[in-house]
Amino acid sequence: MAEKVDVIVVGAGLAGLFCAYELAGAGADVLVIERGDYPGAKNVSGGRLYLNPVRAFAPELWADAPLERPVVKERLTVMAGESSTTVEFTGDRLRRKPHHSATILRSTFDRWLADKVSERGAIIVPKVIVREPVMQNGRVIGIQADDEIHADVVVAADGVLSFVAEKAGLRGRLKPKNHAVGVKEIIELPADRIEDRFGVGPGEGAAQLFFGSISRGMIGGGFAYANRDSISLGMVVGIEALMKHDPPIESYRLYEEFKSRPEVTALIAGGNTIEYSAHVVPEGGIAALPQLAGDGILLVGDAAGLGLNLGVTVRGMDFAIASGVMAARAILKAREAKDFTRAGLSHYETSLKSSFVLQDMRTFSYMPHLLENPRMYASYPDVICNMLEKIFWIGDGPKARMSAEALGEARRLANWEAVRDGLDLFKV
Ligand SMILES: Cc1cc2nc3c(=O)[nH]c(=O)nc-3n(C[C@H](O)[C@H](O)[C@H](O)COP(=O)(O)OP(=O)(O)OC[C@H]3O[C@@H](n4cnc5c(N)ncnc54)[C@H](O)[C@@H]3O)c2cc1C
């Protein structure tokens with residue numbers, strides 16, 4: 001006879017751990033299985049966590065959570081071939097507590113969270129890979145790892161590649177069009193140097209996003225987040241765009257090019273790389289969502305394709321946390337009715353639909369299409385940077401009127417494509 005628990009959570013990332021925390025708090029018998037050496041060991045995020053959407057989920061946790069720095073400054077850098085334009089935003093509202101967002105290191109945060117989950121009585125087993133769900137008459141009744149273990153419900157929190165969801169028949173094979181690949185380094189630097197470079201005060205953090213020529217016309221961009229004693233630097237590029245790129249180029253080479261730009265070297269000079277990782281990111285938006293629930297199974301976080309890239313904000317962690325907790329609450333309701341079929345677990349899909357998670361994904365359903373436009377990464381950044389270069393430049397002869405120079409560049413936008421692209425902006 002296989003051992004049986006109430007709920008098996010596959011994956012100790014944010015989605016899985018928050019789900020287990022909520023379930024264990026309500027007295028459910030929960031087993032979390034994680035393939036990494038410890039929770040967080042394999043988890044990659046940019047990472048800036050938007051706190052407002054998640055504060056109401058497990059509110060008692062946030063006061064002591066090991067966050068890195070509150071983000072009090074936002075920078076957006078448009079990169080052309082040899083120049084760049086940065087827009088910087090800061091304000092008291094970002095500085096005021098409770099903070100709007102904070103940088104986070106997943107290896108630290110997930111480990112801390114796993115301790116909180118264990119304190120509530122859930123069992124977390126690291127270094128074990130779940131190979132597949134165990135099915136009986138089309139419903140999930142457990143998992144196969146080193147042993148077969150049964151449960152009323154299996155929560156697939158195994159991240160973007162979720163083989164559990166695929167093998168349970170809730171989604172097909174990954175489509176390159178709906179995914180991007182991220183390369184990320186954590187670069188250690190003294191705190192005061194980080195503060196000087198981002199122009200923030202002691203203990204304050206900043207987030208900088210980069211887009212334009214760095215992705216060579218492909219959907220993607222770079223990021224730099226100020227942590228306590230390190231900078232998280234990375235780049236994300238669409239997988240289908242990479243596969244079609246001519247000549248072929250690997251994502252890590254694009255990242256190296258990005259890293260060698262003066263705008264980036266100024267941030268990381270003298271730093272010491274302490275971690276290097278690569279990870280897939282779901283970017284297909286709401287149109288690419290799989291079936292979120294089945295008989296005896298729920299999908300949460302990246303395994304459910306919950307992520308939203310708006311170019312200026314990247315979200316996935318807040319969606320993972322919220323979906324994990326909502327899955328737990330749906331399971332607790334299903335327990336009352338002793339019905340673990342998809343219908344019995346339907347509270348999960350209903351609450352996701354009425355929450356910010358699916359509402360935001362619906363509101364911005366056009367975003368993946370908009371971001372695919374190669375002109376966003378080539379001609380428009382060029383126009384912006386050339387315009388500014390002409391305004392600032394003093395040559396060896398007389399200077400033309402600034403308006404004429406700026407208009408000369410802006411004329412590049414006087415075509416139907418640019419008008420259509422401009423109108424597209426109103427769809428997001
Ligand atoms: C480069 C990059 C930058 C990002 N930047 C941001 C950002 O700034 N802000 C933001 O909000 N989001 C960001 N994201 C997205 C965010 O990281 C994810 O949405 C979030 O981590 C999803 O959490 P999760 O718990 O669903 O999955 P994960 O964190 O991936 O956790 C899945 C867990 O399952 C385990 N696992 C997988 N398979 C198995 C198995 N078969 N058996 C046992 N265990 C298994 C894994 O080891 C892992 O611990 C970024 C992602 C990337 C890659």
Side-chain angles (χ1 to χ4, degrees), residues 8-20 31-51 53-54 68 71 101-107 109-111 113-114 124-133 143-146 154-167 179-186 207-209 220-225 227 232-237 239 251 255 276-283 299-310 312-324 327 357:
I8 296 172
V9 177
V10 185
L14 290 178
L17 288 172
F18 269 90
C19 182
L31 176 66
V32 183
I33 304 179
E34 167 56 44
R35 69 181 169 159
D37 289 349
Y38 56 87
K42 290 197 173 273
N43 299 344
V44 182
S45 257
R48 172 244 290 265
L49 173 62
Y50 289 96
L51 293 162
V54 295
E68 290 291 306
V71 174
S101 72
T103 54
I104 171 172
L105 289 175
R106 292 288 301 277
S107 53
F109 187 90
D110 291 14
R111 241 176 156 166
L113 180 59
I124 302 180
V125 182
K127 298 190 200 170
V128 173
I129 296 179
V130 171
R131 287 202 291 278
E132 57 190 3
I143 56 96
Q144 182 66 54
D146 296 342
V154 170
V155 178
D158 49 338
V160 61
L161 301 178
S162 186
F163 294 117
V164 172
E166 195 180 317
K167 289 186 177 165
H179 293 85
V181 60
V183 177
K184 179 196 166 188
E185 265 181 286
I186 299 178
Q208 185 162 3
L209 296 180
F223 58 83
Y225 295 112
N227 305 316
S232 293
L233 184 77
M235 194 170 173
V236 176
V237 190
I239 296 179
S251 55
Y255 172 67
Y276 189 98
S277 50
H279 208 274
V280 176
V281 195
E283 293 215 328
L299 271 49
V300 294
D302 275 11
L306 302 174
L308 188 59
N309 176 2
L310 297 187
V312 288
T313 55
V314 179
R315 294 168 69 187
M317 289 191 281
D318 53 335
F319 289 8
I321 292 170
S323 62
V357 177

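The first residue of the sequence shown is numbered 1, and numbering continues consecutively from there. Each ligand, and each atom within it, is numbered from 1 in the order the structure gives.
- For ligand 1 and G301, the ligand atoms under 4.0 Å from any heavy atom of the residue are 26 (O).
- Counting only heavy atoms of the protein, atom 52 (C) of ligand 1 lies nearest to V281 CG2, 3.8 Å.
- At a heavy-atom distance under 4.0 Å, only backbone atoms of A157 (N, CA, C or O) approach ligand 1.
- Nearest non-hydrogen protein atom to atom 14 (N) of ligand 1 is S45 OG, 3.8 Å.
- Of all protein heavy atoms, the one lying nearest to atom 44 (N) of ligand 1 is R35 N, 3.1 Å.
- Considering only non-hydrogen protein atoms, atom 35 (C) of ligand 1 sits nearest to E34 OE1, 3.2 Å.
- By the 4.0 Å heavy-atom criterion, G47 is counted among the residues contacting ligand 1.
- At a 4.0 Å heavy-atom cut-off, ligand 1 does not touch R131 at all.
- In D158, the parts holding a heavy atom less than 4.0 Å from any atom of ligand 1 are both the side chain and the backbone.
- For A207, the side chain to side chain contact (heavy atoms under 4.5 Å, CB included) partners are R48, V71, E74, Y225, not counting sequence neighbours.
- Two residues are said to be in side-chain contact when any heavy atoms from C-beta on lie closer than 4.5 Å; V9 and V300 fail this criterion.
- When only non-hydrogen protein atoms are considered, atom 11 (O) of ligand 1 lies nearest to M317 N, 2.9 Å.
- The protein atom (non-hydrogen) at minimum distance from atom 34 (O) of ligand 1 is G11 CA, 3.2 Å.
- Residues forming a salt bridge (Lys or Arg N to Asp or Glu O under 4.0 Å) with R111 (at least two apart in sequence, or on another chain): none.
- Heavy atoms of V128 approach ligand 1 to within less than 4.0 angstrom.
- Ring geometry for Y276 against Y255 counts as perpendicular: the plane angle is over 60°, on a 0 to 90° scale with 30° as the lower cut.
- Residue contact check for ligand 1: R48 places a non-hydrogen atom closer than 4.0 Å to it.
- Closest to atom 26 (O) of ligand 1, if we only count protein heavy atoms, is D302 N, 2.9 Å.
- Only the side chain of Y225 comes within 4.0 Å of ligand 1, counting heavy atoms alone; its backbone N, CA, C and O stay farther away.
- When heavy-atom distances to ligand 1 are checked against a 4.0 Å cut-off, A320 comes that close only through its side chain, counted from C-beta outward.
- The single protein non-hydrogen atom nearest to atom 5 (N) of ligand 1 is G46 N, 2.7 Å, given as residue, atom name and distance.
- Of all atoms in ligand 1, listed by their number and element, those nearer than 4.0 Å to a heavy atom of R106 are 17 (O), 20 (C), 21 (O), 29 (O).
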